[in-house]
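Notes follow the structure.
In this chain, numbering begins with 1 at the start of the sequence shown.
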Amino acid sequence: STVKAYYGKCFQLVEVTEVGSMFGHDKDKKIDVFPRGDYHYVNVDTSTPEGLHHAKEFKLAESGLADLVFSIYAHGGSKLFNPVNRGRFFAMFRHPVERAASLFY
């Protein structure tokens, strides 16, 4: 998405997205950051409930490796954090008609 590209490429922030489980990183035994082109990703996937559970097991928040965590699961994503390793939640919504139209144009 545009937001991921903006923060990942322009600001060079480390992202946690579905890319974290691609390219064989779903088999990694420890949490780490890997480069992919102009972007940097943590090797966990927060786009699924299973991936969020895996990120929690890897202690994503405690690791301090991620600058941004993207997930459609707000409740599950919030469970990654605690009072010591806090996160900030924000949401961006696109108009549903514009979003639907963008699938075709």
Side-chain angles (χ1 to χ4, degrees):
S1 76
T2 305
V3 174
K4 291 177 187 176
Y6 179 72
Y7 285 111
K9 190 170 186 176
C10 297
F11 284 103
Q12 298 178 347
L13 297 178
V14 177
E15 300 178 5
V16 182
T17 68
E18 67 280 355
V19 177
S21 66
M22 297 178 178
F23 315 108
H25 290 287
D26 56 329
K27 295 174 182 38
D28 290 351
K29 301 294 183 203
K30 66 178 187 132
I31 194 164
D32 202 5
V33 175
F34 68 93
R36 187 76 185 161
D38 293 333
Y39 301 87
H40 289 84
Y41 299 98
V42 178
N43 61 339
V44 293
D45 177 5
T46 52
S47 68
T48 66
E50 297 80 19
L52 286 167
H53 180 71
H54 188 234
K56 178 98 173 145
E57 287 179 341
F58 269 10
K59 300 187 181 300
L60 173 64
E62 291 89 335
S63 74
L65 294 175
D67 295 312
L68 293 167
V69 177
F70 290 92
S71 183
I72 61 170
Y73 299 99
H75 188 263
S78 69
K79 294 186 181 254
L80 296 174
F81 303 97
N82 58 50
V84 175
N85 302 288
R86 297 169 39 173
R88 290 191 179 143
F89 177 85
F90 69 94
M92 297 181 74
F93 297 96
R94 196 168 172 191
H95 191 282
V97 174
E98 288 180 10
R99 184 170 183 254
S102 75
L103 297 174
F104 302 100
Y105 301 102

**OP:** Please list, chain by chain and in numerical order, all residues satisfying side-chain contact (heavy atoms from CB on, under 4.5 Å) with F104, sequence neighbours excluded.
**Re:**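 Here no residue qualifies.
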**OP:** Name all pairs fulfilling the salt bridge (charged side-chain N to carboxylate O under 4.0 Å, His left out) condition that reach into residues 22-38, sequence neighbours left out, sorted by first residue then second.
**Re:**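 Listed by first then second residue: K9-D38.
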Any chain of hydrophobic side-chain contacts (each under 4.5 Å) joining [X] to [Y]?
X	Y	answer
L52	I72	yes
Y6	F90	yes
F81	F58	yes

Could you list the residues that satisfy side chain to side chain donor-acceptor pair (under 3.5 Å) with [X], not counting sequence neighbours?
X	result
H40	none
E98	none
E18	K4
K59	none

Taking transitive links into account, so neighbours of neighbours count too, which hydrophobic residues share a cluster with [X] at under 4.5 Å side-chain distance?
X	value
F34	V19, M22, F23, Y39, Y41
F89	none
V84	none

Could you list the donor-acceptor pairs under 3.5 angstrom formed by side chains in residues 44-51, with sequence neighbours left out?
| from | atom 1 | to | atom 2 | distance (Å) |
| --- | --- | --- | --- | --- |
| D45 | OD1 | S47 | N | 2.8 |
| D45 | OD1 | S47 | OG | 2.6 |
| D45 | OD2 | S21 | OG | 3.3 |
| D45 | OD2 | S47 | OG | 3.3 |
| T46 | OG1 | V16 | O | 3.4 |
| T46 | OG1 | F70 | O | 2.5 |
| T48 | OG1 | G51 | N | 2.9 |

**OP:** Please name all residues satisfying ring-ring contact (aromatic ring centres under 6.0 Å, His included) with Y73, sequence neighbours left out, ordered by chain then number.
**Re:** none
Donor-acceptor pairs are to be reported for all side-chain atoms of residues 60-68 against protein atoms at under 3.5 Å, with residues two or more places apart or in another chain.
| from | atom 1 | to | atom 2 | distance (Å) |
| --- | --- | --- | --- | --- |
| E62 | OE2 | N82 | ND2 | 3.4 |
| S63 | OG | L60 | O | 2.6 |
| S63 | OG | L65 | N | 3.2 |
| D67 | OD2 | V14 | N | 2.8 |

Original post:
Closest approach of S102 and R94, non-hydrogen atoms and distance?
Top reply: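 Heavy-atom minimum between the residues: CB-NH2, 3.3 Å.
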**OP:** Look up atom CD1 in I31 and atom CD in E57, then write down how far apart they are to the nearest 0.5 Å.
**Re:** 11.5 Å
